[in-house]
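Have a look at the structure below, then the notes.
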Amino acid sequence: MSFTVLITGATAGFGRATAERLVRDGHRVIATGRRRDRLDALAAELGPDLLAVPLDVTDPAAVAALPDSLPEDWRAVDVLVANAGLALGLGPAWDGRMADWDRMVATNVGGVLGITRALLPGMVARNRGHVVTLGSIAGTYAYPGGNVYGATKAFVAQFALNLKADLVGTAVRITNIEPGLVGGSEFSNVRFGDDEKAQAVYRNADPLLPEDIAETVAWVIGLPPRVNVNRVELMPTTQAPAPLAIKRREG
Ligand code: NDP
Ligand code: 8X3
């Protein structure tokens with residue numbers, strides 16, 4: 001079956017890999033993100049089955065206006081991949097910058113809410129659709145410095161489960177994908193604003209790759225309509241949830 005898929009954050013990382021994979025699989029993709037040059041490059045690479053639409057998910061008016069602004073034959077979006085998101089910093093909460101926290105909440109929480117609210121009514125009216133959100137293992141397992149980022153991803157996980165509760169009785173599906181360490185994206189460059197520090201995160205760790213996330217998206221949307229995968233947690237073979245921390249006294 002062929003779908004019309006809208007991806008937020010398709011200019012890099014998972015979003016771009018997913019756009020490439022899904023067009024290759026025969027779907028049509030509306031690729032969104034803030035960087036127009038990246039969207040144009042993707043459109044040039046993938047041809048007429050990719051529609052490039054600049055969108056900042058933290059702009060509520062632009063997000064709400066998006067469905068009606070699409071060309072008529074692209075408006076019936078079957079699959080939303082709510083992927084745009086970011087982490088800023090890895091310091092302890094008492095050193096956190098409110099501006100960074102606000103931006104993570106606006107993007108990872110507000111952005112997911114806005115685009116879901118914009119596209120879900122059409123899916124329910126057509127009784128056909130699938131919302132795929134990008135959570136993280138950080139929404140389940142706490143780690144030092146994960147503070148606000150992890151909390152935004154816990155929000156996404158619970159929002160996905162609560163959407164499922166609302167959608168039961170419709171044919172619309174919902175899946176939260178929760179990856180661990182994934183290299184080959186700009187995630188750590190954005191988090192640290194320092195390319196060397198970013199590279200060190202993945203050194204000798206054999207992390208997952210954006211193609212693995214694209215594969216997961218392709219898998220969950222391609223399952224028979226009776227199957228709803230509620231959540232998928234995936235990690236590289238080299239990673240495990242950290243042991244519980246114990247700070248011992250000296251001596
Ligand atoms: P990247 O930094 O490579 O890509 C992030 C994408 O989000 C970019 O396309 C960026 O596009 C877009 N984006 C950021 N802010 C906005 C905004 N305000 N409006 C629209 N688009 C925006 O990250 P990843 O591909 O690694 O991450 C994708 C998702 O997966 C995120 O939600 C992340 O939290 C999550 N994740 C990542 C993991 C990892 O280890 N990499 C693991 C688990 C989850 P542009 O700048 O052009 O707007
Ligand atoms: C990204 C994975 O472990 O850096 O969500 O939080 S992690």
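Nothing fancy with the numbering, it's 1 onward along the sequence. Just so we're clear, the structure is a prediction, and the values are computed from it rather than from any experiment. Remember, it's 1-based here, ligands and their atoms both numbered in the order they're listed.
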Compile the donor-acceptor pairs under 3.5 Å between side chains in residues 237-249 and protein atoms, sequence neighbours left out, one pair per line.
unit_1	atom_1	unit_2	atom_2	d
T238	OG1	A205	O	2.6
Q239	OE1	L181	N	2.9

Original post:
Residues two or more places apart in sequence or in another chain: which of them pass side-chain contact (heavy atoms from CB on, under 4.5 Å) with A171?
Top reply: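 Expected list: N127.
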Original post:
Is atom CZ of R36 surrounded by more than 12 heavy atoms (other residues, nucleotides or ligands) closer than 6.0 Å?
Top reply: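 No.
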Original post:
Going by the atom numbers of ligand 2, which of them fall below 4.0 Å from some non-hydrogen atom of S136?
Top reply: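 It comes down to these atoms of ligand 2: 1 (C), 2 (C), 5 (O), 6 (O).
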Subject >> Atom indices of ligand 2, in the order listed, that fall short of 4.0 Å to a heavy atom of A138 >> reply: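 That gives atoms 6 (O) of ligand 2.
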Original post:
Salt bridge or not for E211 and R21, using N-O below 4.0 Å?
Top reply: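 Salt bridge flag = no for R21 with E211.
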Subject >> Any residue meeting ring-ring contact (aromatic ring centres under 6.0 Å, His included) with F187, in chain and number order, not counting sequence neighbours >> reply: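 Expected list: Y149.
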**OP:** Have a look at F187, Y143, Y141 and point out the one with the heavy atom closest to atom 3 (O) of ligand 2.
**Re:**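 Among F187, Y143, Y141, the closest heavy atom to atom 3 (O) of ligand 2 belongs to Y143.
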Subject >> contact_flag R191 ligand 2 heavy-atom lt 4.0 Å >> reply: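 Judged by the 4.0 Å heavy-atom criterion, R191 does count as contacting ligand 2.
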Original post:
Can you check whether F14's main-chain N or O pairs, donor with acceptor, with S185's side chain at less than 3.5 Å?
Top reply: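 No; zero donor-acceptor contacts below 3.5 Å.
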**OP:** For ligand 2, find out whether one of its N or O atoms is nearer than 3.5 Å to an N or O atom of Y149.
**Re:**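 N/O-N/O distance below 3.5 Å exists for this pair.
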Original post:
Considering only heavy atoms, which protein residues lie less than 4.0 Å from any atom of ligand 1?
Top reply: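 Answer by chain and number: G9, A10, T11, A12, G13, F14, G33, R34, R35, L55, D56, V57, T58, N83, A84, G85, T107, L134, G135, S136, Y149, K153, P179, G180, V182, S185, E186, F187.
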Subject >> Cluster link L209 to Y202, ILVMFWY, side chain under 4.5 Å >> reply: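 No, L209 and Y202 fall in different hydrophobic clusters.
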Original post:
Given the rule that I, L, V, M, F, W and Y join up when any side-chain heavy atoms are under 4.5 Å apart, are V77 and V81 in one cluster?
Top reply: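 Different clusters.
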